[in-house]
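Lettering follows sequence order; numbering is per chain, from 1.
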Protein chains: 2
Amino acid sequence: MSIETASIDLKFPTWYTEWERTLPDILPTDTDAMSTAISISSLNVKRGYGGPFGAVAVESGSRKIVATGMNVVLTAKSSLLHAEIACIIRAQKALNSHTLKSADIILYSSSEPCAMCMGAIPWSGISQLVCAARDEDVRAIGYDEGLKPDNWAGNFNKQYGIKVIRDFMRDEAVSVLQSYAHKIGIIY
Amino acid sequence: MSIETASIDLKFPTWYTEWERTLPDILPTDTDAMSTAISISSLNVKRGYGGPFGAVAVESGSRKIVATGMNVVLTAKSSLLHAEIACIIRAQKALNSHTLKSADIILYSSSEPCAMCMGAIPWSGISQLVCAARDEDVRAIGYDEGLKPDNWAGNFNKQYGIKVIRDFMRDEAVSVLQSYAHKIGIIY
């Protein structure tokens, strides 16, 4: 067989990297961090670039941004590149490790993770997950969240020591999801 | 904030790409394809390169290999790069699409998918999944398979039309898992 190139390009658009450059180094509060994640989801809708989802990884002690992530499934032509996965890839690259454990990272996500992202989080070494929109808010605009076990959030804590906070700025995130639905974006 | 490079390098070693070049274009039977997936897991153990897991994506009609994947978590420094995920990334790259749906792809995996890979499969557009070692075989050598819902395989079929075949060449795959355990490999 012939060999395909063994790399994956996240293909973040110029407008995104330019916007990212305007972010402060530090996001002092949960509200600052989640506002940033929701801004990403909102920018993605406005630009018509991809799914209405954004994520931000912050070091819990210093409150430094380690990475941000945006859903680039359609443009990067990879079903893997949900906002959370893109953020984890970049955070692990920034820390040059397959685990974020030692850095005590909080992942802020504009929506609860789908089954794939939920499965990826414990392996990534993330310490804490903060979500805005709920699973059912995402399903309400036509996205499938996949096969998730009941009480995954409780079990994150019990099995992996990962604290999960839900419904943080839920209304703000839901209003972005609804603006996306009104635009009748592509639900892949 | 400063921008990290927005790409992820799968970093397959030379011995792997050289071995891959010796594969035929076509794997006529399920046994041919699963033997190849198990060979990948076995090679990874012998070379001490990563987790004892391999995957192969085959076009169901032509039986052409679309991509192979090996667990490169430790060497590529990415918790995402399980064999199935690496295989999906490369298959989507080969088909230049975020979905493999139109190609009717069978994914052969040397072990049942963990929670992350299980979540990723429906989004990838894979049509059929064939697994060798069981979830409990993987757990038996110390790996965590994550939070998976009961009867995920049945629901793959019901919700996504993805047929799942289990225990195909299970003994062969288990013997590779056990050789890995005896070598006391790193369980990350």
For each of A/Ala91, A/Cys114, A/Cys117, tally heavy-atom pairs with chain B at distances under 4.5 Å, and name the one with the top tally. A/Cys114
Atom pair CE (B/Met118) and CE (A/Met118), whose distance is rounded to the nearest 0.5 Å: 6.5 Å
Identify the two heavy atoms, one from A/Val73 and one from B/His98, that lie closest to each other, and give their separation to 0.1 Å. O-CB, 3.6 Å
Pair B/Trp123-A/Asp144, side chain to side chain contact (heavy atoms under 4.5 Å, CB included): steps then yes or no: CA-CA 9 Å; B/Trp123 306 164; A/Asp144 185 358; 3.6 Å; yes
If one checks every heavy atom of B/Asn96 against chain A at 4.5 Å, the contacting part turns out to be both
Side-chain contact test, heavy atoms from C-beta onward, threshold under 4.5 Å: evaluate it for B/Gln92 versus A/Ser79 and give yes or no. yes
Select one option (side chain, backbone, both, neither) describing which atoms of A/Ile85 are under 4.5 Å from chain B's heavy atoms. both
With rounding to the nearest 0.5 angstrom, report the OG to CG distance, B/Ser124 to A/Leu80. 8.0 Å
Kindly work out whether a path of hydrophobic side-chain contacts (I/L/V/M/F/W/Y, heavy atoms less than 4.5 Å apart) joins B/Trp15 to B/Leu23. yes
Interatomic distance, CG@B/Leu81 vs CD1@A/Ile89, rounded to 0.5 Å, equals 7.5 Å
What part of B/Ser97 gets within 4.5 angstrom of chain A, counting heavy atoms only: side chain, backbone, both, or neither? backbone
Taking A/Val174 as the starting point, is it possible to reach A/Met169 by hopping between hydrophobic residues whose side chains are less than 4.5 Å apart? no
Which residues in residues 151-160 of chain B have a heavy atom less than 4.5 Å from any heavy atom of chain A? B/Trp152, B/Asn155, B/Phe156, B/Gln159, B/Tyr160
